[in-house]
2 protein chains.
Amino acid sequence: MKIVKAQDFDLRREVEYGSPEQNEAVRKIVADIKKEGDAALLRYTEKFDGMKLEAASLRVTQEELHAAYEQVEPSFVEAISAAADNIRAFHMKQKRNSWMDLQPDGSLLGQVIRPLHRVGVYVPGGKAAYPSSVLMNVIPAQVAGVPEIVMVTPPATGGKAGIDPYILVAAAEAGVNEIYRVGGAQAIAALAYGTESIAPVDKICGPGNIYVALAKREVFGAVDIDSIAGPSEIAVLADDSADPVYVAADLLSQAEHDEMASAILVTPSEQFAKACQAEVQRQLAELPRRDIAGASIEQYGAVILVGTIEEGIEVINRLAPEHFELIVDNPMGYLASIRNAGAIFLGPYSSEPVGDYFAGPNHIIPTNGTARFSSPVEVDDFIKKSSLIYYSKEALLSNGDTIMELARREGLEGHARAIEVRLLKEGKAGANDDNK
Amino acid sequence: MKIVKAQDFDLRREVEYGSPEQNEAVRKIVADIKKEGDAALLRYTEKFDGMKLEAASLRVTQEELHAAYEQVEPSFVEAISAAADNIRAFHMKQKRNSWMDLQPDGSLLGQVIRPLHRVGVYVPGGKAAYPSSVLMNVIPAQVAGVPEIVMVTPPATGGKAGIDPYILVAAAEAGVNEIYRVGGAQAIAALAYGTESIAPVDKICGPGNIYVALAKREVFGAVDIDSIAGPSEIAVLADDSADPVYVAADLLSQAEHDEMASAILVTPSEQFAKACQAEVQRQLAELPRRDIAGASIEQYGAVILVGTIEEGIEVINRLAPEHFELIVDNPMGYLASIRNAGAIFLGPYSSEPVGDYFAGPNHIIPTNGTARFSSPVEVDDFIKKSSLIYYSKEALLSNGDTIMELARREGLEGHARAIEVRLLKEGKAGANDDNK
């Protein structure tokens, strides 16, 4: 883990958009599903997942869902259920009501806030299938009030039911009961355009491989999509008051995700930097995923030395990391100066896995510097708003002339006349009537 | 204006993504600006706008901004200022505070809500330059608290200052004072990546031609962008209680925007349908923009006959129109059943231009069926949130075992150990210590 200066260090990496061949393959899959529906969906599922299914067996049955509970440890059910409770409680605080503003002239203006009607959640298969991510994608939609939440996940090439029981239990605990065993670009296309067996959705979210990501980009517009996550990142700003053992463990917890993951320590103390550097090496040697974590630390890990904690905060603001731990005395005192960070963990006991699994805030957080302008997944991602305008006769009579002036200034006489016909009918000619 | 049945009528149209040549041209412009900065910006401005500028003259001066006030009518300044007040008042109601939830175990969880730091607003040149759109893009950003709002707009090929004084006055009234006379894909690239003269922004919004739209897509990821608007739409649901003169005028006010604009009447009354049809023809003949409005009505206009108002609402929900006027008795009584509409105008005096110019809600509204999952422009488009997690020692000690169980279930031992090193230090070994 190298020690570097703050200048010109930038977390941002070029985003992978797939090869022309991958793009072409995805476009063909999407077009085939749009045109042929279930027939194409079953064909691609056989081709890519090695599962020969019929339309009637695409959907996971209630029996299979119940059976999943028999295949997992009771302690897992308890843990995932406790996590689900915390995540639900936190997201409930994000709920907002429709509102109206009542004007003295009798008009009403407002925003009508409604959930999306139907949302699709993609859950990857194999090793990338994380029960915690099922909760983090589904619960905000559920709290938003989305009446139909549907999950798709590729069937494993091995077993018959073909879906990890831990994923099924997480889905059930989160409240999903419409689950289809399809994956890849074909599943995304089915969610976007619908097939005979799967009704189309309004929004698709959840992580996936490059084909899934490209398919989401391809169907965007027909449906909404979530943002496409880059490799995971942590930046820790700590001083001598912190424990190098804690900080090293937190850096490694991020590095073990992915060889592309990034773990950065920012500190004003050279002594602390060296202690953490040594501790990372010591803990790394004992880590089961030491090859992945080691490659991540080697390529993307760094210790950035700064003059002061304030200067460290400015480095953080430039990095705009996905996860940010601040382990210094009185961390709350710096909160107002943290401009860019997806999730902020304060103090020695707020280790990142607390947020990854349990505390309640979402663990799907903007990566690659996009915390400058975007937010962790939340209830707001599953609602839409409509403006509400009820104008009284009095309001129109008092403001009609001004509205007509602005419309005519833009050369939109038809807009002015829509007001004018009403003013004329009510016995009040427009002030700009001579422009007619 | 044809009268049709509800079945299979769909407002949605294929979205224009530009020709391969246009895409290629835009990619080259963006790459040149990214590499060469001001030099490329000045070169493209001379090439496309016919203006030979120097870096020092890119920015509109305070003197030019003040001079614009001399070139417009005082009544315009009054009207635009009154509109700005209303828009500001409405958007102020959308503001939200950061919040924290204090837990009994001493933990704090919350969301930190902050404005974006720097936002770029694109304003098209020529006839598409609408002062009202300047207000609608700028004011929500300003209300959100964005400290730096910068406007770009192409210099007209004619004059010296080269920018419509009405646009400059609208910008000043909205509170923008950093304005650059650049347009097209080159302006978008300059905002995204920065040049020597223009600092990069976090988000770009505002309408533009196909080159501007393609450039926004190209830079998305490096910065955030707003959604790309399709042709404007209105759907009116009215019965015999409505005045055909009002309804026809409202339909035409939308149709005059663009030959691609769409104006739809939904009604349970055949008699009312015919009266509106005749009235549209009558008013159309006298409209200055009758060629545009006529083409729009001919191609995309329609009257859809339904059995009941409730059935009409279902047609509206399927259309998910940008603008929706409901002109029936007690329109408020149907509000809860309107699921998909960008802006809802209730009653006979809430003519669409009231919202376009003056009432306060934003006039930038989702088109092409996307009101199913997106919202009018608002303060939320100019903020970002960070999750806040402060976990107490007590909270970590009580929940550490559960967090480790979930981490180990996902095969992420490094995550479990980040918790475990803390539990061990505090004299509490993890329950799953034997898994280590």
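Here is how names work: the chains are called A, B, and so on, in the same order as the sequence lines, proteins then strands, and each is numbered from 1. Quick caveat: nothing in here was measured; it's all calculated off a predicted structure.
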| field | Under 3.5 Å side-chain donor-acceptor pair for A/Tyr246 and B/Arg422 | value | no
| Contacting moiety of A/Val72, where chain B heavy atoms sit under 4.5 Å | neither
| request: Could you pull out the closest heavy-atom pair between A/Phe90 and B/Trp99, with the gap in Å? | output: CE1-CH2, 3.4 Å
| field | Under 4.5 Å from a heavy atom of chain B, the part of A/Ser98 involved | value | neither
| By a 4.5 Å heavy-atom criterion (distance strictly below it), what part of A/Val201 contacts chain B: side chain, backbone, both, or neither? | backbone
| query | By a 4.5 Å heavy-atom criterion (distance strictly below it), what part of A/Lys393 contacts chain B: side chain, backbone, both, or neither? | reply | both
| said: Is B/Pro366 in contact with chain A via its backbone, its side chain, both, or neither, using a 4.5 Å heavy-atom distance? | reply: neither
| said: For a quick test of reading the model, state the closest non-hydrogen atom pair linking A/Gly411 to B/Arg289 and the distance between them. | reply: O-CD, 3.4 Å
| remark: Looking only at A/Lys425, A/Met332, A/Gln103, A/Gln283, the option with the highest number of non-hydrogen pairs under 4.5 Å against chain B is A/Lys425
| request: Compare all side-chain heavy atoms of A/Pro361 with those of B/Leu109 and state whether any distance is below 4.5 angstrom. | output: yes
| Among A/Phe382, A/Phe76, A/Tyr166, which has the most heavy-atom pairs under 4.5 Å with chain B? | A/Tyr166
| Contact origin within A/Glu378 toward chain B - heavy atom pairs under 4.5 Å | side chain
| message | Only pairs of heavy atoms separated by less than 4.5 Å count here; which of A/Ala395, A/Gly347, A/Ala359 has the most with chain B? | response | A/Ala359
| Any idea which of A/Asp243, A/Leu396, A/Val354 has the most non-hydrogen atom pairs under 4.5 angstrom with chain B? | A/Val354
| field | Residue selection (most heavy-atom pairs with chain B, distance under 4.5 Å) from A/Gly360, A/Pro331, A/Gly230, A/Ala407 | value | A/Ala407
| request: Decide side chain to side chain contact (heavy atoms under 4.5 Å, CB included) for A/Gln111 and B/Lys93; before the verdict, give the C-alpha distance in whole Å, the side-chain angles of both, and the deciding distance to 0.1 Å. | output: CA-CA 10 Å; A/Gln111 276 189 308; B/Lys93 307 224 168 243; over 6 Å; no
| query | Would B/Glu405 and A/Tyr357 count as having a side-chain donor-acceptor pair, cut-off 3.5 Å? | reply | no
| field | Side-chain heavy atoms of B/Leu346 within contact of A/Leu388, under 4.5 Å | value | yes
| Would B/Lys385 and A/Asp380 satisfy salt bridge (Lys or Arg N to Asp or Glu O under 4.0 Å), going step by step from the backbone distance to the final call? | CA-CA 11 Å; B/Lys385 297 151 200 153; A/Asp380 280 359; 2.8 Å; yes
| said: Under 4.5 Å from any heavy atom of chain B, what part of A/Asn340 do you find: side chain, backbone, both or neither? | reply: both
| note | Among A/Leu252, A/Leu412, A/Val245, A/Leu287, the residue with the most heavy-atom pairs under 4.5 Å to chain B is A/Leu412
| field | Any donor-acceptor pair under 3.5 Å from B/Ser350 side chain to A/Tyr391 backbone | value | yes
| query | Quick one: what part of A/Asp250 sits under 4.5 Å from any heavy atom of chain B, side chain, backbone, both or neither? | reply | both
| query | Just wondering, more than 12 heavy atoms not from B/Phe358 lying within 6.0 Å of its CZ? | reply | yes
| remark: Bottom line for A/Ile338: the part with an atom under 4.5 Å from chain B's heavy atoms is backbone
| request: Identify the heavy atoms of A/Ser374 and B/Lys384 that sit nearest to each other, and give their distance. | output: O-CB, 3.7 Å
| Selection from B/Leu284, B/Val247, B/Val119, B/Val223 maximising heavy-atom pairs under 4.5 Å formed with chain A | B/Val223
| field | Residue B/Met92 excluded, over 12 heavy atoms near CE under 6.0 Å | value | no
| query | So what's closer than 4.5 Å to chain B heavy atoms on A/Pro115: side chain, backbone, both or neither? | reply | neither
| task | Specify the closest pair of heavy atoms between B/Phe373 and A/Leu116, including all atoms of both residues, with the distance to one decimal. | result | CA-CD2, 3.6 Å
| Measuring heavy-atom distances to chain A, does B/Val112 have an atom under 4.5 Å in its side chain, in its backbone, in both, or in neither? | side chain
| request: Measure across B/Leu335 and A/Arg114 and return the closest heavy-atom pair with its distance rounded to 0.1 Å. | output: O-NH2, 4.2 Å
| field | Shortest non-hydrogen contact between A/Gly221 and B/Thr370, atoms and distance | value | O-CG2, 3.9 Å
| chain B contact via A/Glu73 - side chain, backbone, both or neither, heavy atoms under 4.5 Å | side chain
| query | Contact part of A/Ala89 toward chain B, heavy-atom cut-off under 4.5 Å: side chain, backbone, both or neither? | reply | neither
| task | Measure distances from B/Arg409 to the heavy atoms of chain A and classify the residue's part below 4.5 Å as side chain, backbone, both or neither. | result | side chain
| task | Under 4.5 Å, counting heavy-atom pairs only, tell me which of B/Ala83, B/Pro348, B/Ser107, B/Ser227 racks up the most with chain A. | result | B/Pro348
| Passing candidate, side chain to side chain contact (heavy atoms under 4.5 Å, CB included) with B/Arg417, options A/Ser253, A/Pro288, A/Pro353 | A/Pro288
| Are B/Asp202 and A/Arg339 ion-paired here, with the side-chain N under 4.0 Å from a carboxylate O? | no
| With only heavy atoms counted, which part of A/Arg290 is less than 4.5 Å from chain B, the side chain, the backbone, both or neither? | neither
| message | Quick one, A/His117 with B/Arg372, criterion side chain to side chain contact (heavy atoms under 4.5 Å, CB included). Give me CA distance, side-chain angles, the key distance, then yes/no. | response | CA-CA 8 Å; A/His117 185 68; B/Arg372 284 182 299 128; over 6 Å; no
